[in-house]
Amino acid sequence: MYVKICGLRDAATARHAVASGADALGVVMSARSPRNAGVGEAAEVVAEARHGGIDAVLVVDAMPAVRAAETALRLGFEVLQLHGDYDAADFAAAQRILPRVWRAASLARDPGLRAGDRGEERLLLDGAVPGSGAGWDLSPLAPGTALRARIGEGWVLAGGLDARNVADRVRAVMPWGVDVSSGVEREPGLKDPALIERFIVAARGAAGTEER
Ligand SMILES: O=C(O)c1ccccc1NCC(=O)[C@H](O)[C@H](O)COP(=O)(O)O
């Protein structure tokens with residue numbers, strides 16, 4: 001079970017997430033986000049991810065795709081995560097700069113979406129409002145459903161997860177990975193180290209992969 005902790009902005013919390021067993025650290029650059037990171041904050045998180053040998057993911061929702069990929073490359077991110085209205089041409093242009101690009105999308109907003117439609121490395125299935133902490137109905141994604149056949153297996157579950165609910169949600173839909181932001185915070189934008197640790201243990205325990 002791949003675990004991404006998103007919305008980090010400082011070295012100490014990033015280091016704690018690495019030590020707790022995270023597989024990826026996300027940094028959000030979005031003016032509308034309470035987690036909006038500056039270049040210096042992003043660099044701190046990237047340095048901790050690199051030191052821990054895990055992925056650093058730049059998350060954007062409004063920045064033009066080419067500028068986002070150039071920013072990610074310049075700051076040392078391995079992955080660019082594009083949320084929202086980016087089309088296939090945006091993905092192709094970003095991938096020419098940084099090969100690893102993920103697509104974050106919501107079935108509520110785009111019920112017909114298919115894994116790989118934009119040429120993305122990974123599909124992240126999120127709630128309707130990214131970073132809101134709001135959960136969503138996972139039942140159409142249960143293994144064996146038509147939707148699941150279309151989405152495949154290598155996707156990341158996000159949206160409203162926390163240390164209390166992640167185990168049940170993982171067991172229900174068996175994603176390849178999970179992503180969390182609000183659920184490991186004390187207040188919007190302020191991460192809680194103990195919640196990060198508990199989230200990672202719960203996610204791995206449910207998937208039967210306590211060891212990374
Ligand atoms: O986190 C944000 O504020 C954000 C803002 C704009 C675009 C994306 C954003 N977050 C992306 C993520 O990957 C979140 O971790 C994901 O949406 C889950 O969020 P949450 O429901 O808060 O766990």
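Counting starts at 1 for both ligands and their atoms, in listed order.
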With a cutoff of 4.0 Å, is [X] in contact with ligand 1, counting heavy atoms of the residue only?
X	result
Gly26	no
Leu161	no
Glu185	no

Any atoms of ligand 1 less than 4.0 Å from a non-hydrogen atom of [X]? List them with their elements.
X	result
Lys4	13 (O)
Cys6	12 (C), 13 (O), 15 (O)
Gly159	18 (C), 21 (O)

I want to know if ligand 1 touches [X] in the polar sense, i.e. an N/O pair below 3.5 angstrom.
X	answer
Ala158	no
Gly133	yes
Asp61	no

Could you identify the single nearest non-hydrogen protein atom to [atom] and state the distance to 0.1 Å?
atom	value
atom 8 (C) of ligand 1	Pro130 CB, 3.5 Å
atom 22 (O) of ligand 1	Ser182 OG, 2.4 Å
atom 6 (C) of ligand 1	Arg32 NH2, 3.2 Å
atom 17 (O) of ligand 1	Asp126 OD2, 2.5 Å
atom 11 (C) of ligand 1	His83 NE2, 3.3 Å
atom 18 (C) of ligand 1	Asp179 OD1, 3.6 Å
atom 2 (C) of ligand 1	Arg35 NH1, 3.2 Å
atom 23 (O) of ligand 1	Ser181 N, 2.9 Å

With a cut-off of 6.0 Å (strictly less than), are more than 12 heavy atoms of other residues, nucleotides or ligands near [atom1] of [X]?
X	atom1	answer
Asp85	CG	no
Arg198	CZ	no
Arg164	CZ	no

query = Does Arg122 count as lying over the ring of Trp176, i.e. NZ or CZ under 6.0 Å from the six-ring centre, within 45 degrees of the axis?
reply =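 Arg122 over Trp176 ring: yes.
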
request  = Nearest 0.5 Å please: distance from the CG atom of Leu124 over to the NE2 atom of His83.
outcome  =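 One gets 6.0 Å once the value is rounded to the nearest 0.5 Å.
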
Glu120 vs Trp102, side-chain hydrogen bond (donor to acceptor under 3.5 Å, both in side chains): CA-CA, chis, key distance, verdict = CA-CA 5 Å; Glu120 71 272 11; Trp102 294 5; over 6 Å; no

ask   = Does any donor atom in the side chain of Arg35 or Ser182 lie under 3.5 Å from an acceptor atom in the other side chain?
value =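 Checked: Arg35/Ser182 side chains pair up, N/O donor to acceptor below 3.5 Å.
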
query = Quick check: does any side chain N or O of Arg109 sit under 3.5 Å from a backbone N or O of Ala128, one acting as donor and the other as acceptor?
reply =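 Such a contact is found between Arg109 side chain and Ala128 backbone.
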
